[in-house]
Amino acid sequence: MESGYPVPVELAPYVNSNSIVVRSPGRINLIGEHLDYNSGFVLPAAIDKAVYVVVEKQDPPFYSLHSVDFNETADIPVADVKPAFGHWYTYILGVVAQFNATGRSVPPFKMAVYGDVPLGAGLSSSAAIESAAAFSINELFGYGSDRLQLVKMAQLAEHEYAGVKCGIMDMFASVFGKKGQVIRLDCRSLEYAYFPLDLQGYEIVLIDTQVKHSLASSEYNVRREQCEAGVAMIQKKYPAVQSLRDATMAMVNECIPQDDIIYLRCKYVVEEIERLVTGCADLERGDVAAFGRKMYRTHEGLSKEYGVSCKELDYLADFVAAHPEVIGARMMGGGFGGCTINIIKKEAVEPLINELLPLYKRDMGLELKYYRVNIEEGTSRI
Ligand code: GLA
């Protein structure tokens with residue numbers, strides 16, 4: 001199905017009667033951070049920043065990959081698909097490898113890529129490019145994979161070709177997003193439900209620290225291992241516990257010594273699962289203020305217990321907490337940089353940012369950016 005989104009002018013020169021154009025968005029996540037790989041719940045949505053690809057078949061036995069943003073072309077021999085860590089095209093090769101691994105040897109193609117998802121800002125530009133590649137290759141060669149299969153291929157591409165053992169949230173949000181709706185995804189059963197986000201005079205604003213996170217080389221995989229270590233400790237006493245989703249705070253208190261760092265990691269996760277469940281109920285009741293308070297608490301947990309914040313993210317969260325027109329805020333995504341997500345009274349956005357800009361520059365030495373976010377459709381042909 002084709003959507004009404006326009007082809008970006010930057011990609012127009014690559015479009016012809018044989019090509020397919022696909023748009024795949026970045027994502028936000030309202031609450032439920034670092035829960036996807038713990039079989040918990042998440043509450044993401046696709047946004048109005050996206051990666052676009054133009055693909056067509058070609059005869060020369062190469063994948064000819066072109067990035068408009070980097071003005072760079074990589075011709076990868078079809079027989080030579082392997083990770084190119086640190087390069088933008090590794091994500092595309094990772095997806096090709098997934099199709100190949102399921103017995104569909106992907107024939108040569110040409111792909112041009114352009115995007116306006118800020119890189120390293122925690123908005124999942126990598127999931128967006130993986131999802132765009134998976135969707136477009138599936139369409140170009142008529143492979144007939146469904147959306148969930150494409151999501152899983154994109155996730156494995158990230159594991160194997162970017163070295164990040166991410167959960168399923170980012171790709172799921174990119175591929176399954178719906179305009180105006182957030183997705184409540186159960187990462188254990190993969191059951192999901194959409195619901196409209198009514199923020200009653202408030203809006204979502206992302207404030208970008210301009211500190212680029214590097215998940216692969218950072219602590220992300222370590223956090224995942226720490227959670228697994230916590231599960232192993234709990235399992236000794238409670239063998240039925242398969243993930244932190246099954247654990248309670250009582251079990252954590254009983255099985256993990258409080259002076260062990262694993263204790264804090266697990267405490268955060270178990271409490272965040274609870275916050276997400278009650279936070280969704282807040283939104284359903286229309287109690288945006290109660291939801292916002294939970295976001296602040298999530299930030300504290302991510303910063304002090306889960307250890308994935310940084311001084312710039314804490315600075316932004318502290319700054320807005322002193323402003324009553326911001327009813328909720330926290331760091332978003334993997335962490336160590338990127339954006340905070342804020343729920344701000346519409347008319348207060350500009351004055352708040354104007355006050356913050358010079359202070360952030362003075363105190364952190366960086367020029368911050370901000371994005372007023374709209375929730376848009378997930379991956380589609382355009
Ligand atoms: C990154 C990962 C996701 C998720 C978030 C934290 O975005 O790619 O799978 O774990 O961090 O919620």
Side-chain angles (χ1 to χ4, degrees), residues 24-47 49 51 90-91 94 117-131 151-177 182-188 190 192 206 208-209 211-228 243-245 265 268-273 275-276 279 294-295 298-299 301-303 305-310 313 330-341:
S24 202
R27 62 104 189 86
I28 52 171
N29 183 29
L30 284 166
I31 200 160
E33 214 64 270
H34 286 272
L35 293 191
D36 53 356
Y37 56 87
N38 283 303
S39 299
F41 301 96
V42 291
L43 197 61
I47 59 172
K49 298 192 179 300
V51 168
T90 199
Y91 305 104
V117 187
L119 303 180
L123 305 184
S124 295
S125 55
S126 63
I129 188 171
E130 287 151 354
S131 303
V151 165
K152 289 180 175 170
M153 282 190 240
Q155 186 188 9
L156 284 177
E158 182 81 23
H159 286 196
E160 293 167 9
Y161 276 62
V164 183
K165 298 273 183 219
C166 66
I168 202 168
M169 169 172 75
D170 304 345
M171 300 75 191
F172 196 96
S174 189
V175 172
F176 282 88
V182 292
I183 311 169
R184 183 187 196 266
L185 171 65
D186 179 335
C187 299
R188 182 163 64 184
L190 298 183
Y192 61 99
L206 304 176
D208 186 343
T209 56
V211 178
K212 303 264 178 248
H213 69 168
S214 162
L215 288 181
S217 58
S218 79
E219 297 278 304
Y220 185 89
N221 294 343
V222 175
R223 288 299 170 281
R224 193 172 179 142
E225 286 160 16
Q226 289 171 328
C227 292
E228 284 162 10
S243 67
L244 290 177
R245 167 77 175 273
R265 307 297 192 236
Y268 163 77
V269 170
V270 170
E271 290 182 352
E272 178 74 353
I273 293 175
R275 264 194 297 275
L276 184 138
K294 293 191 173 67
M295 292 173 76
T298 293
H299 183 82
L302 286 166
S303 177
E305 296 165 353
Y306 211 62
V308 292
S309 188
C310 62
L313 286 166
R330 63 179 192 82
M331 58 148 280
M332 188 182 74
F336 306 104
C339 292
T340 58
I341 176 169

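Counting starts at 1 for both ligands and their atoms, following the listed order. Heavy atoms only: backbone and side chains are in, while hydrogens, waters and symmetry mates are out. Residues: numbered from 1 along the sequence shown.
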Which ligand 1 atoms, with their elements, are less than 4.0 angstrom from a heavy-atom of [X]?
X	answer
D36	3 (C), 4 (C), 9 (O), 10 (O)
G167	9 (O)
Y37	10 (O)
G333	6 (C), 11 (O)
M169	4 (C), 5 (C), 12 (O)
Y220	1 (C), 2 (C), 3 (C), 4 (C), 9 (O), 10 (O), 11 (O)

Polar contact flag for [X] and ligand 1 (N/O pairs, less than 3.5 Å):
X	value
I168	no
D170	yes
G334	yes
H34	yes

- [ ] Indicate whether the side chain of T298 and that of R275 have a donor and an acceptor atom separated by less than 3.5 Å.
- [x]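 The answer is yes; a qualifying pair exists.
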Straight-line distance of I183 CD1 to F176 CZ, nearest 0.5 Å: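 If we round to the nearest 0.5 Å, I183:CD1 and F176:CZ are 8.5 Å apart.
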Exercise. With the side chain counted from C-beta on, respond yes when R245 and D186 share a heavy-atom pair under 4.5 Å apart, and no when they do not.
Key: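 Yes - at least one pair of side-chain heavy atoms lies under 4.5 Å apart.
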Using side-chain heavy atoms (C-beta onward) and a distance below 4.5 Å, is K165 in contact with E225?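 A side-chain contact under 4.5 Å is absent here.
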Name the option, out of M331, R27, E33, that contains the heavy atom nearest to atom 12 (O) of ligand 1.
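Residue with the shortest heavy-atom distance to the ligand atom: E33.
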Output a table of donor-acceptor pairs, distance under 3.5 Å, between side-chain atoms of residues 330-341 and any protein atom two or more places apart or on a different chain; print 'none' if there are none.
unit_1, atom_1, unit_2, atom_2, d
R330, NE, L30, O, 3.0
R330, NH1, E33, OE2, 2.9
R330, NH2, N29, O, 2.6
R330, NH2, L30, O, 3.2
R330, NH2, E33, OE2, 2.9
T340, OG1, N342, ND2, 3.0

| query | Between the main-chain N or O of L185 and the side-chain N or O of D36, is there a donor-acceptor pair closer than 3.5 Å? | reply |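 It does not hold such a pair.
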Out of the candidates Y220, Y268, F41, only one should pair with H34 under the ring pair (Phe, Tyr, Trp, His ring centres under 6.0 Å) rule; please name it.
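Of the listed options, the one satisfying the test is Y220.
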Kindly write out the residues that satisfy side-chain contact (heavy atoms from CB on, under 4.5 Å) with L156, not counting sequence neighbours, or none if the list is empty.
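For L156, the residues satisfying side-chain contact (heavy atoms from CB on, under 4.5 Å) (neighbours in sequence not counted) are Q98, H159, E160.
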